[in-house]
Each structure stands twice: as structure tokens, then as C-alpha cells.
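Beneath this line is the structure, given in C-alpha cells, with notes to follow.
Here the structure is a predicted model, which means the values were calculated and not measured. To find a chain, count down the sequence lines: A is the first, B the second, and so on, and within it residues start at 1.
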Amino acid sequence: MNKNLNFFNTLSNKKEKFTPINNNKVGMYVCGPTVYDFPHIGNARPLVVFDTLFRLLRTLYGKNKVTYVRNITDIDDKIIESSKKNKKSIKELTETITKSFHQDCKYLNCLNPTFEPKATEHIKGMINMVSNLLKNNHAYENKKHVYFSVSSFKKYGKLSNKNSEQLVAGSRVEVSKYKKDPLDFVLWKPSDENDPGWDSPWGRGRPGWHLECSVMSEKFLGKQFDIHGGGLDLVFPHHENEIAQSCCANKTENFANYWLHNGFVTFDKEKMSKSVGNIVTINKLSENVNGQVVRLALLSSHYKQPLDWNEQLIKDSQNTLDKWYEQFEKINLEELSDDVLKPLQEDLNTPEYIAKLHSLFEDSSKGNKSAKVKFLSACQQIGLLEEDKQSWNNFKKAKSKVDENFINEKIKDRNEARKKGNYKLADSLRKELDDNGVIIEDKQEKTTWKYK
RNA sequence: GGCCACGUGGCGGAAUGGUUACGCAGAGGAUUGCAAAUCCUUCCAUCCCAGUUCGAUUCUGGGCGUGGCCUCCA
């Protein structure tokens, strides 16, 4: 198996050959959720995309050679706001959302990351990093706030391809009276008495956003590592600030070598936003749509492209999987050929890979056992058809109003009517079943049925 | 205003300096009491204008259009 991999790197704005720091293992950090509200379909995309990348890296480098870190940010102003608004304690809120998030991950069939650190468990590390930045003259303290001094870091703006003048010209940067420069961002800020806070050399307070990722990536992956992923919207300022903090605190030239960013999900061609009310949460979706369907839908376009979430997409994905599940069998997986894996190795080209799955399905449905093994192994490579056929059907069954006895009765009645030539009655019985989400198929010797 | 991405058939969506995937939908056929499913066959596309080239959808320049970022956001 060749390990050739190419990624589009946001840092260079072009596709590059992937070379890990250590040639037989890989470290990857992906920005996880801030647990202030239920994760939605837009949050699901990076989960599935980077899970697919994680699976690919494990295939190429070996299961134990890939370290995947995905954080949970459980201290942030948004959490404090949400807690106040919903009159829930911080603890209750963050625990509820974290639990829901974990259910979502399972629903989407994402593997557990190697580490899933929480920000609140690394406050000490954050304080150390802030101290380091102060010591290195990359930060300054003012009235219990500590700010990062952007002008002290020459490479600032490299990732997002911005320069300081442009940013200031935008002039929508929040200007705090305690900042020396409008571009500076907060590393530590004081907390009100009733808000979460930790003792620090600068008084009781809490970390600024961005800091947790710098600290936790260092702890689990080192000062420099291979891949950093997240949504496109995190490029600026979040990832830009992470780079600045980490490089300055650690005195390193680089932070992550490859930056991968996924595109947005729109909803019926519209931007998702709370005010429009078109946010689909994953847990809401899970009531009606199988997680496999969501996963396939999310992988149906290239991760960097925008993806529109709509009924048609769900329907198409569902139909495809219905078809594919006809080939389902419990099998021993086999190693995939270079030819099959190639699309994934070219910047995780999942649409091309899925096209290949269609062709493998074709071979499988008219071929022998070995073609089937190949098809199923290829599906499972990207986390599809891992759920068995039974539970695939059970999901649909659970949504149906009618049970098997009812269905079998109707089929029996219908077949009797057919025998007598009473096709009008037979058709109305079929229609009745169809209205209840059951499709009938007359095969040579018997009538089979399935849930829609 | 600055920066970036994108514009492929009816829809979704890849790739490519020469023969343009794949899925859905459509058409025709086999099969069927009729359907469904399946199988076979089949139609349909590279935003516009220049340039480079023997040849561009692909490269370059310009135009038009769409979206994103510059502020919390996956």
C-alpha cells in the first residue's frame, strides 16, 4: 500500500504532498465543539470529514500510529451567556450538550478520537502559556486583562492571507480600551464574581478563546505537529491566533504543518442562521433520518466545497444506501487496493470514491463473493455499511405505523384477490400498504415487502 | 473597500491540455395482471470575451455572476 497523500493546505493555498514530521506516525488536531448549544448539521460536517480522514490515515499508517485530538471547549463567553439565558447552571449546560454531542458522534458513526480534552481541565497549562508569552514579550497585562501583542509576531496573517493594514482597514475589530492595538486579542480576562473563574497571577479570571487549542494540542501532539483541521470560518481569527500564540510561547517556527478546512453547509441554499430559524440540529435529524444517510450525504461533495442540505440530498442518499444494503453481509474485511484508495489520497476526494463504490457495487451485485468483500470493505473504509442490515431496517420499521402482522394480512388478502382476478381490490390493498410506508414486490414465487 | 473561493448536462457532483466520471431524474426495451424491484439500451453540460496552443472545459488576462471571510460561528 502506498502512503502517497496530497492535501490542499490553507497555509500555502495549494495542494501539497503530505510528509509527516515522523515518517511512520501522524498527529492531527481538529477543533471540536464549544458546548453552549446543540450541535447542528453544519457541525456534523467536520466531524464526518475528519473522521473519514482519520480512518484513511489509520489505514495507511496503522491503527496505533495516528493520534487524533479533538477538544471540547467548555469555558467560553457563549456558554456563560447561554447559561444565563436558559437559567441553567454552567455545569448542567455543558454536561447536557457534551452528552448530546457524543450521541451525535455515535449516530454519525464517527470513531472516538484518541484524546478528547476539555478546556477546563487544562487551565493550568493555559496560565503557563500566558506566562510564557508575557515573559517572551509577546503579551502584556493591563487591568487584569492579558493581551497578545499581534505586532510582535511577524507571520501574523499568513494563514488567512491578511495583513495588519487590511485588518485595521476593515475597522470592525472590537476595540477595547485596554488594548494597545486594535488587532490584539485577549489571552486572559477577569471574571465576574458569579461567573466561572480560576485564580491566576493576574487575578481571578478565565482564558480567552483560542488558548485552549494551543495548549491542548501541545500537550497531546507536541509543539509542532502534522495536521490541523476545522471549519473554514475558523481560519480567521481562531487559527491565526492559535498559530501566533503557539509559535511565540513555544519559540517555534511552525505550529501545524498542514491546515485543512471544510466548507459550509447551507440549508435549501440559504445560510443557516438562528434568526431565520433554519438550523437543523443533529439530534433532531436523528429522529427521522438514519445516521448512515447523513454520513453519506455529507461525504457526497468534496469537503472544501459548499454543501447544500436539502430533502433531495437526503432522499438520494437514502436510496443509494437502500440499494447498497441489498449486498450487505457480515464479512471479514480485506485490505483495499491502491487503486480503490487513490481518490481519498488525493485531498480526500470522497465524491470520486463514492463513484468507485457504485462501480464496486455493480460488480458485487452480479459477481462473486470476492467482489462483494471488496465492495463492503470499501464502504466500511469511509464508515458506511458498518451497521448491519437488521438495524438498518429496524430504523425504518421504528418509524412505521404498521406492524408485520398487519402487513402479512394485507398481502395475503391481496394475493387472494389477485388469484380471483379482482385486481381493483388487489391494487387498493397495495395502495393502503404504500400509504403506510410499505412497498410490495411481487417476485416469481412470493410477494416480498419492505419499509420505505 | 480589502482578501479568498466558486461558476460543468434537468438536478447533485468529480476529473481532465486531446477520448468529459458517477448518482438521481428523463426516454426506450425486457419482465409484470398493472406496478415495484432488477436488467439492458439511450438522450443531455463545461458562464461570456480575448490570448497561448496543432488542440482548452482544463493554462493566462479581462468581464459578468454567486458565495465566503475581514465581528461570535463548523
Side-chain angles (χ1 to χ4, degrees), chain A residues 8 10 13 30-34 36-37 39-50 76-78 81 157 160-175 183 209 229-238 240 261-266 269-274 279 282 296-308 310 312-313 315-320 322-324 326 343 346-347 349-359 361-362 365-366 417-424 426-427 430-431 433-434 438-444 447-450 452:
Chain A
F8 187 93
T10 308
N13 220 19
V30 175
C31 289
T34 298
Y36 72 105
D37 204 353
H40 54 74
I41 189 67
N43 303 100
R45 193 175 193 192
L47 284 176
V48 169
V49 163
F50 291 106
D76 183 87
D77 289 3
K78 288 198 294 289
E81 272 171 42
S160 54
N161 196 25
K162 297 179 193 304
N163 61 47
S164 305
E165 294 87 70
Q166 287 168 359
L167 287 167
V168 176
S171 82
R172 285 193 281 177
V173 183
E174 179 213 356
V175 182
L183 291 185
W209 185 42
L232 198 60
D233 52 334
L234 294 178
V235 175
F236 187 90
H238 185 55
E240 197 71 71
H261 293 99
N262 65 273
F264 287 99
V265 177
T266 53
K269 299 280 182 196
E270 269 192 80
K271 186 175 172 165
M272 288 199 291
S273 81
K274 287 191 179 168
I279 303 248
I282 304 170
L296 177 60
L298 288 172
L299 293 174
S300 70
S301 76
H302 184 83
Y303 77 92
K304 288 196 77 67
Q305 296 301 125
L307 175 83
D308 189 52
N310 55 61
Q312 189 62 41
L313 177 66
K315 208 175 135 200
D316 284 355
S317 305
Q318 159 102 5
N319 286 343
T320 300
D322 257 328
K323 196 170 76 170
W324 287 359
E326 290 299 319
E346 279 301 317
D347 201 28
N349 191 336
T350 51
E352 199 179 325
Y353 187 80
I354 289 167
K356 205 150 249 180
L357 289 181
H358 282 291
S359 131
F361 167 79
E362 197 99 327
S365 58
K366 63 178 68 148
R418 286 171 73 207
K419 241 180 238 162
K420 288 178 194 154
N422 187 351
Y423 293 120
K424 207 168 180 181
D427 288 352
R430 179 170 61 202
K431 173 89 170 36
L433 284 168
D434 190 82
V438 175
I439 300 168
I440 285 182
E441 294 172 15
D442 293 329
K443 304 270 169 75
Q444 275 115 350
T447 300
T448 63
W449 62 271
K450 61 185 183 188
K452 263 186 203 167

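For the P atoms, the distance linking U66(B) with U8(B) amounts to 14 Å, nearest Å. Atom C1' of C59(B) sits at a distance of 15 Å from the matching atom of U46(B), rounded to the whole Å. For A25(B) and G12(B), the P atoms lie 15 Å apart once the distance is rounded to whole Å. A45(B) sits 12 Å from C11(B) when the P atoms are compared, rounded to a whole Å. Rounded to a whole angstrom, the distance from the C1' atom of G17(B) to that of C69(B) is 33 Å. Spacing between U71(B) and G13(B) at atom C1', rounded to whole Å, works out to 33 Å. A56(B) sits 10 Å from U19(B) when the P atoms are compared, rounded to a whole Å. With both ends at atom P, the span from G51(B) to G55(B) equals 11 Å, rounded to whole Å.
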Quick test: give all pairs of protein nitrogen or oxygen and nucleotides 34-36 of chain B nitrogen or oxygen below 3.5 Å, distance rounded to 0.1 Å.
unit_1: C34(B); atom_1: O2; unit_2: Arg430(A); atom_2: NH2; d: 2.6
unit_1: C34(B); atom_1: N3; unit_2: Arg430(A); atom_2: NH1; d: 2.9
unit_1: C34(B); atom_1: N4; unit_2: Asp442(A); atom_2: OD2; d: 3.1
unit_1: A35(B); atom_1: N6; unit_2: Asp442(A); atom_2: N; d: 3.4
unit_1: A35(B); atom_1: N6; unit_2: Asp442(A); atom_2: O; d: 3.3
unit_1: A35(B); atom_1: N1; unit_2: Asp442(A); atom_2: N; d: 3.2
unit_1: A35(B); atom_1: N3; unit_2: Arg430(A); atom_2: NH1; d: 3.0

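Legend: residues meeting salt bridge (Lys or Arg N to Asp or Glu O under 4.0 Å) with Glu81(A), ordered by chain and number and at least two apart, are absent. Not counting sequence neighbours, the partners of Asp442(A) by the side chain to side chain donor-acceptor pair (under 3.5 Å) test are Arg414(A), Arg418(A), Thr447(A). With sequence neighbours excluded, no residue forms a side chain to side chain donor-acceptor pair (under 3.5 Å) with Thr320(A). With sequence neighbours excluded, no residue forms a salt bridge (Lys or Arg N to Asp or Glu O under 4.0 Å) with Asp316(A). Legend: residues meeting side-chain contact (heavy atoms from CB on, under 4.5 Å) with Ser300(A), ordered by chain and number and at least two apart, are Leu307(A), Leu313(A). Scored by the side-chain contact (heavy atoms from CB on, under 4.5 Å) test, Lys323(A) finds His358(A), Phe361(A) as partners (sequence neighbours excluded). Taking His261(A) as the reference, His239(A) meet the ring pair (Phe, Tyr, Trp, His ring centres under 6.0 Å) condition, with sequence neighbours excluded. Taking the side chain to side chain donor-acceptor pair (under 3.5 Å) definition, one finds that Ser160(A) meets it with Glu240(A), sequence neighbours left out. Applying the side-chain contact (heavy atoms from CB on, under 4.5 Å) criterion to Gln318(A), with sequence neighbours excluded, gives Val293(A), Asp322(A), Trp392(A), Lys396(A).
Look at CD on Glu326(A): it is 10 Å from C1' on U38(B), rounded to the nearest Å. Rounded to whole Å, the distance from CG on Asp308(A) to C1' on U66(B) is 13 Å. Here C6(B) presents its C1' atom at 15 Å from CG of Leu307(A), a figure rounded to the nearest Å. Summarising the geometry, the separation between CG on Asn310(A) and P on G12(B) is reported as 9 Å, rounded to the nearest angstrom. Atoms CD1 (Ile279(A)) and C1' (C73(B)) sit 9 Å apart, rounded to a whole Å. Atom P of nucleotide U71(B) and atom CH2 of Trp209(A) are separated by 12 Å, given to the nearest angstrom. Atoms CZ (Phe236(A)) and C1' (U71(B)) sit 9 Å apart, rounded to a whole Å. Rounded to an integer number of Å, the gap from CG of Asn43(A) to C1' of C73(B) is 9 Å.
The closest side-chain heavy-atom distance from Asn13(A) to Phe8(A) is below 4.5 Å. Proximity of Asp37(A) to Lys78(A): side-chain heavy atoms (C-beta onward) are nowhere separated by under 4.5 Å.
Counting non-hydrogen atoms under 4.0 angstrom, Val265(A) reaches a base of the nucleic acid. Across all strands shown, Lys269(A) has heavy atoms under 4.0 Å from sugar-phosphate atoms exclusively, and none from any base. Across all strands, Gly42(A) comes closer than 4.0 Å to base atoms (heavy-atom distances). Nucleic acid contact class of Lys366(A) (heavy atoms, under 4.0 Å, all strands): sugar-phosphate only.
Listed pair Trp449(A) / A37(B) fails the phosphate criterion, with no side-chain N or O lying under 4.0 Å from OP1 or OP2. In this model, the phosphate group of A5(B) is approached by a side-chain N or O of Asn13(A) to a distance below 4.0 Å at OP1 or OP2. Distances shown here put every side-chain N or O of Lys304(A) at or beyond 4.0 Å from the OP1 or OP2 atom of G67(B).
With rounding to the nearest 0.5 angstrom, the CE atom of Met272(A) is 5.5 Å from the CD1 atom of Ile279(A).
Counting only heavy atoms from C-beta on, Phe264(A) has its side chain closest to G68(B) among G33(B), G68(B), C72(B).
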- request: Any chance you could list the contact pattern along nucleotides 14-27 of chain B? Use B for base contacts, S for sugar-phosphate-only contacts and - for none, protein heavy atoms under 4.0 Å, 5' to 3'.
  value: SS-----BSSS---
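Nearest-nucleotide positions on RNA chain B for Leu234(A) and Ser160(A) put Ser160(A) closer to the 5' end.
For Lys315(A), the NZ atom is loosely surrounded, since the number of other residues' heavy atoms within 6.0 Å does not exceed 12.
For RNA chain B, runs of at least 3 consecutive pairs of the Watson-Crick or G-U wobble type, with both hydrogen-bonding distances under 3.5 angstrom, map to B:1-7 with B:64-70, B:10-12 with B:22-24, B:26-30 with B:38-42, B:47-51 with B:59-63.
Proximity of a side-chain donor or acceptor of Asp308(A) to a complementary backbone N or O of Lys269(A) within less than 3.5 Å is detected.
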